[in-house]
Q: 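Just dropping this structure here.
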Amino acid sequence: MVGGVAGIVAHRGASGEYPEHTMSAFEAAVAEGADAIECDVRLTRDHHLVCVHDRTVERTSDGTGAVSELDLADLRAMDFGSWKRPGHPESVVTLDELIDLARSADRTLFVETKHPVRFGGLVEQKLLATLQRHGLSRPGDPASAPVVVISFSGSAVWRVRRNAPGVPAVLLGEASRLLGGGAATAVRAQGIGPSVESLRERPDTVAKARAAGRFTYCWTVDTQADVALCHGLGVEWIATNHPARARSWLQG
Ligand code: G3P
Ligand code: CA
């Protein structure tokens, strides 16, 4: 949250216009004035964390296969840009590369772990080691932390909170799951992350989270009406595929 106004989070970068999770999308997010960047991370076969949403690379590259069965070098050889912007090939982005960009631009990073169960905690282990290497796991105020881990998996959130008390974590889910506060309390999440569709159904989720000392991160907020809803409810972080539009709607 930025000075009492909702912070804008560029979901997969400025992914409405640019190919998601590429440097062009992340750099556009910074240029458009997003306060934060969201990314999904997966482990490659040789245990590098890369920014890819899907289990496989087919939708967002010219390659084939599951990320977990490919080495980083295999992914490096693929084009992750041209599917969205023909003639603009782009490389896969590693978490290390994204952290460097976010730190140099002074933007908060929301890192979502994907498929943590399959790797039995290895994703969080690698993630926390990466954050430590970059000096990003020091205790401090969750509201101004440089990196926040987000996950639909309660066990992933719990592992982060237990092993890195300085790294804030958000439990993602539908508002109906998060409303009572029990799920977030059980895993010591400092924030909750409802979808905007579920928040429309249960807008009281935000006030209840605040009363319990938790902030709200809402995704994926791409219409003016939903930005207004989040703003009116006092949602702290608004994740959108269109950061510039969200900024203008917030100011308008
Ligand atoms: O930011 C949370 C949101 O990204 C969760 O859904 O599928 O886009 O990762 P998904
Ligand atoms: Ca995500």
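Start at 1 and go down the list; that is how both ligands and their atoms are numbered. Throughout, residue positions are numbered sequentially from 1 according to the sequence presented.
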Q: Looking at side-chain heavy atoms only, is the closest gap between V9 and I37 below 4.5 Å?
A: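 No. Closest side-chain heavy atoms not under 4.5 Å.
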Q: Starting from the Ca ion (ligand 2), count all protein N, O or S atoms within a radius below 3.0 Å.
A: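 With waters ignored, the protein N/O/S count below 3.0 Å is 3.
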Q: Taking only residues two or more places apart in sequence or in another chain, which ones pass ring pair (Phe, Tyr, Trp, His ring centres under 6.0 Å) with Y18?
A: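 So Y18 forms no ring pair (Phe, Tyr, Trp, His ring centres under 6.0 Å) with any residue.
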Q: Would you check, one step at a time, whether the test side chain to side chain contact (heavy atoms under 4.5 Å, CB included) holds for V187 with R161?
A: CA-CA 7 Å; V187 297; R161 298 294 301 123; 5.9 Å; no
Q: Using a 3.5 Å cut-off on N/O to N/O, what pairs does ligand 1 make with the protein? A line per pair would be great.
A:
unit_1, atom_1, unit_2, atom_2, d
ligand 1, 1 (O), E38, OE2, 3.2
ligand 1, 1 (O), Y217, OH, 2.7
ligand 1, 4 (O), H11, NE2, 2.6
ligand 1, 4 (O), E38, OE2, 3.0
ligand 1, 4 (O), E112, OE1, 3.4
ligand 1, 7 (O), H53, NE2, 2.7
ligand 1, 8 (O), H11, NE2, 3.2
ligand 1, 8 (O), R12, NH2, 2.7
ligand 1, 9 (O), D40, OD1, 3.4
ligand 1, 9 (O), H53, NE2, 3.3
ligand 1, 9 (O), E112, OE1, 3.1
ligand 1, 9 (O), K114, NZ, 2.8

Q: Any side-chain heavy atom of T216 within less than 4.5 Å of one from W237?
A: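 They are not in side-chain contact.
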Q: Is the shortest side-chain heavy-atom distance between E20 and W83 below 4.5 Å?
A: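 Yes, close enough: below the 4.5 Å cut-off.
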Q: Answer yes when R85 and D79 have at least one side-chain N-carboxylate O distance shorter than 4.0 Å, and no when they do not.
A: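 Judged by the 4.0 Å cut-off on N to carboxylate O distance, R85 and D79 do not form a salt bridge.
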Q: Distance only, no hydrogens: is a donor on one side chain within 3.5 Å (strictly under) of an acceptor on the other, for R214 and T185?
A: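 R214 vs T185: donor-acceptor pair found between side chains.
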Q: Does CD belonging to Q132 count more than 12 external heavy atoms closer than 6.0 Å?
A: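 Open.
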Q: Looking at residues at least two apart in the chain, or sitting in another chain, which of them share a side-chain hydrogen bond (donor to acceptor under 3.5 Å, both in side chains) with E32?
A: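 By the side-chain hydrogen bond (donor to acceptor under 3.5 Å, both in side chains) rule, E32 matches no residue at all.
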